[in-house]
Amino acid sequence: MAIDLTSLNPAQLEAVLATEGPLLVLAGAGSGKTRVLTYRIAHLIGDLGVSPHEILAITFTNKAAAEMRERLSTLLREYGLGVHGMWVLTFHAMCVRMLRADAELLGFTRNFTIYDSDDSKRMFKDVMRELEIDEKTYPINGVIHRVSAAKNELMSASEYVAKASAPLDKKAGQVYARYQQRLLSANAMDFDDLLVNAYRLLSENPAVLSAYQQRFRYLSVDEYQDTNHAQYRITNLLAAARNNLMVVGDDDQSIYSWRGADLRNILDFEADYPQATVVKLEQNYRSSARILAAANAVVANNPNRKPKTLFTANAEGEKISSYLAADERDEARFIAGEVEKLVRDEDRRYTDFAVFYRTNAQSRVLEDALLRAGVPYRIVGGTRFFDRAEIRDVMAYLKAVVNPADEISLKRIINTPKRSIGGTTVERVEEVARERDIAFEDALRLAVDDDRHRSGAQTAIAGFIALMDELRSFEGDLRDVVELIVARSGLIESLEAERTEEATGRADNIREFFGVVAEFAAAHEAPDLSAFMEWLALRTDLDTLTEEDDYVTLMTVHTAKGLEYPVVFVAGLEESIFPHQNSIFASDGGGLEEERRLAYVAITRARERLYLSHAHARSIYGSTQHNPPSRFIGEIPSEHVSASGVGSLGVSGSGWEKRGDRHGTFGHGAGTGAGGGRVFGSGASKAVSGTGFGSGGGAKKPQQPAETFAVGDVVDHKAFGRGRVASVKGDALEIRFDRTGETKKLLVGYAPIVKIKN
DNA sequence: CATACCGCATACTGG
DNA sequence: ATGCGGTATG
């Protein structure tokens, strides 16, 4: 029984059937590349008898990996086949898996720790202090950036030092060399090292490489336009024996050059693999004709681009709405109001909507407006649960338990909670560690009998060492182990002892973390602490996006790559926001082209409706800016756009008529656009005066009699479920919600909450 | 050694 | 606006 491929179009089918030899699939936005990737693997397994064990599929995110695995399972189940043994992973996850198996070959142990950017920065800081390099003269972020860029290029510290001529480069080279030494002694790798070390493992150990080459007969890499040089070299090594390499990508969606992605990897594929089959997927199945036309028109302005035009058989669809807001709060209210209106008038669900922005800093005001309007939402990315200090403290304990050499984690927890081991003591221990070339923890053990320390410090250090030994002795069920470690650490007790709302909240966050442990344990076979730490290191917020709950999704445009929604809002389309300031002034203009590709990505996420908004005035970073509308709005043919907002009201004396005219998209259909003639500008001014919020569905809410709330009351929120009142300041409530563990600020009379009991 | 406060830098995207 | 590091003080 053959896999049913009849649903594929001719180009898709060609790609699915081109299993042998190199294959380049140039897949435009919404052209069904995920279908191609999954059907091709299903075809390999179901029709060609390839074992799942022989297949490696590299994806851009864990979420994409999980989805591909799921889709394949579903497809193959009908044929009595499965995906067991197949590797569907991101580059980073694949590298970790390879490195765990053979860490010893590189001088690490399999318990090595993965340092995230925060840990890594602390290490950079330590190194610069050790080398007495002044951070004021040599900014640490510049050093970090240079080292990271060098690693992405697979340039070693010694190669970097040899090439460095400018003072900052020379210093960066010194730091790079020492940083790597110290990572090695800490048995730790940063994110870049995962790639670099995996490359080293494969290129320096022919037996290891050969084993993978023999195993993985078929290899595919998605989002190839966003691979960096290290990933490119790893790919080529793995594919070299058989050349059954499929890469999929779209040069118009390359948006990660700032972290080393190199467009040449996809542009030069045919030169790298002269026998390559090339398939172009140019039919878009996702978006309305107008949305696609807008996307095509915008990206066509990039001068250095392979010309192409996607087409679609989809209906024309609604015009694209552009909204000029008075300010960022008005913009947010407009979005919340439109969501409620479409939910009401078009019977849409909240999950149909996504709001994109260029920078995370824009999310706050959007969040605020959605909250006030009672629209359930979820922010993906940004400052996450796992970035909170108390959670990082817990994770540092766990890392130090798994990897005793992890000096960064040890230094984080040695005096957290307070144990009277201060900076002076730690510095002295570090000196000993450096002089004798021993691990930080071993130097700590020596310090107990080192009379250069005060006797109080010696006792405190002895206590800390005893604690670490105890923590490492715990065995058994993962959740029990984590709870025991946290309990013995004293973190929760010390927070509770503060007796402030804030500290209590942070203690609750730690308890919430136990729920994460339980979730992990439930979802994995044989969960142990080191597997959990690895999962934590590589997980992202995006991975937890589910379709179970009904909510509007908020995220940056970068995060939105690969996703699609029926209704998309792109907020903050202003010069210096999107395109971002730093790209406008970039010397080569490449930055601006990447911004335009980013706009292209944003637009092509939309299936049915697209809203582009910008604000007359915007407070950001503590001051107010007045930016002209984004050039990207002006690049959309005006027949596809309908404009509304304060500009269409003819606000006098603001100078906005002029700006609108200059861009050509305003003044056409002003006030009569897809908003159905609804003018949100007036709602905005009302809200400012405190008599009402937003429009649409929010209208009824303020009419509810205002209940009174007291600390400790249990409430139920329309979107967030059950919670407890943590504080009351006039009309402003802080409510801690059970489901998320987060504390939200809500306003009495506006927030959709009901008191359950007091 | 801990804490409080002040001045200053930082402020885009992320595995 | 915010957070961090440095410094003065207890």
Side-chain angles (χ1 to χ4, degrees), chain A residues 58-65 89-96 114-122 125 129 134-136 139-142 145 148 151-152 189-195 223 226-228 230-231 254-261 356-365 380-384 386-387 389 415-427 453-454 456-457 460 498 534-543 555-561 572 576-586 591 594-595 597-599 601-602 619-625:
Chain A
I58 298 174
T59 60
F60 195 68
T61 63
N62 296 313
K63 180 170 186 275
L89 298 162
T90 63
F91 267 107
H92 287 84
M94 175 184 78
C95 292
V96 170
I114 300 167
Y115 279 171
D116 64 19
S117 20
D118 185 88
D119 299 324
S120 156
K121 189 171 189 170
R122 283 164 184 258
K125 222 169 217 155
R129 201 176 39 191
D134 178 30
E135 281 192 41
K136 295 230 164 63
I140 190 165
N141 287 335
H145 179 259
S148 176
K151 288 183 181 183
N152 288 155
M189 303 183 194
D190 67 21
F191 278 121
D192 296 322
D193 285 340
L194 297 178
L195 302 175
E223 306 285 7
D226 279 324
T227 50
N228 64 31
Q231 292 167 329
S254 162
I255 56 175
Y256 281 99
S257 71
W258 52 274
R259 64 176 206 212
F356 303 149
Y357 34 82
R358 178 63 177 80
T359 69
N360 282 309
Q362 292 165 252
S363 68
R364 199 169 219 170
V365 61
V380 181
T383 303
R384 307 186 313 268
F386 296 93
D387 290 333
N415 204 28
T416 312
K418 300 273 184 280
R419 299 192 175 86
S420 300
I421 306 178
T424 324
T425 306
V426 169
E427 247 172 62
H453 291 288
R454 298 176 311 111
E498 285 185 38
E534 178 179 318
W535 175 83
L536 277 179
L538 296 183
R539 73 175 289 293
T540 67
D541 232 20
L542 189 63
D543 305 330
M555 64 180 102
T556 65
V557 183
H558 281 92
T559 305
K561 189 168 83 148
S576 88
I577 302 283
F578 193 3
H580 194 270
Q581 183 81 7
N582 301 354
S583 69
I584 295 173
F585 293 104
E594 182 149 315
E595 292 291 298
R597 292 193 293 268
L598 199 53
V601 167
S619 313
I620 196 159
Y621 305 132
S623 63
T624 302
Q625 303 180 355

Under 3.5 Å donor-acceptor, [X] side chain and [Y] backbone:
X      : Y      : result
A:N360 : A:G381 : no
A:E594 : A:G591 : no
A:E595 : A:H580 : yes
A:N415 : A:S420 : yes
A:D543 : A:K63  : yes

Write down the distance between [atom1] ([X]) and [atom2] ([N]), rounded to a whole number of angstrom.
X      : N      : atom1 : atom2 : answer
A:L542 : B:dG14 : CG    : P     : 10 Å
A:N141 : B:dC12 : CG    : C1'   : 13 Å
A:Q581 : B:dT10 : CD    : C1'   : 15 Å
A:M555 : B:dC12 : CE    : C1'   : 17 Å
A:I620 : B:dT10 : CD1   : P     : 18 Å
A:K561 : B:dT13 : NZ    : C1'   : 12 Å
A:I421 : B:dA2  : CD1   : C1'   : 14 Å
A:I140 : B:dA11 : CD1   : P     : 13 Å

Tell me whether A:H580 and B:dC12 count as stacked here, given that the ring centres must be under 5.5 Å apart and the planes must differ by less than 30 degrees.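 Stacked: ring centres under 5.5 Å, planes under 30°.
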- prompt: So, do A:W258 and B:dT13 meet the stacking rule of ring centres under 5.5 Å and planes under 30°?
  reply: yes
For the base of B:dG15, is there a side-chain donor-acceptor partner from A:D116 under 3.5 Å away?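 Between B:dG15 and A:D116, which were checked side chain against base, a qualifying N/O pair under 3.5 Å is absent.
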Listed nucleotide nearest any side-chain atom of [X], set [options]:
X      : options               : result
A:T424 : B:dG14, B:dG15, B:dC1 : B:dC1
A:F191 : B:dG15, B:dT13, B:dA2 : B:dG15
A:A457 : B:dC1, B:dC12, B:dT13 : B:dC1

Does the pair A:F356 and A:F578 meet the rule for a ring-ring contact (aromatic ring centres under 6.0 Å, His included), with working shown? CA-CA 11 Å; A:F356 303 149; A:F578 193 3; over 10 Å; no
- Item | Closest-nucleotide 5' rank along DNA chain B - winner of A:N152 and A:R358 |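 By nearest-heavy-atom nucleotide position, the 5'-most residue is A:R358.
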Exercise. Please tell me which of A:L538 and A:K418 maps to the more 5' nucleotide of DNA chain B, matching each residue to the nucleotide holding its nearest heavy atom.
Key: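 Of the two residues, A:K418 wins.
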Any base atoms under 4.0 Å from [X], or only sugar-phosphate, or nothing? Heavy atoms, all strands.
X      : result
A:N62  : nothing
A:Y256 : sugar-phosphate
A:R454 : sugar-phosphate

As its Watson-Crick or G-U partner within any shown strand, both distances under 3.5 Å, B:dA11 has none
query = Does atom CZ of A:R364 have more than 12 heavy-atom neighbours from other groups under 6.0 Å away?
reply =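 Result for CZ/A:R364: open.
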Could you tell me if A:E427 and A:T424 have a donor-acceptor pair between their side chains, going purely by distance under 3.5 Å?
no
Can you tell me if [X] touches the phosphate of [N], counting only side-chain N or O atoms and a distance under 4.0 Å to OP1 or OP2?
X      : N      : result
A:T425 : B:dC1  : yes
A:T61  : B:dG15 : no
A:N360 : B:dT13 : yes

A correct 5'-to-3' footprint of nucleotides 1-10 of chain C, with B, S and - meaning base, sugar-phosphate only and no protein heavy atom under 4.0 Å, is ----S-----
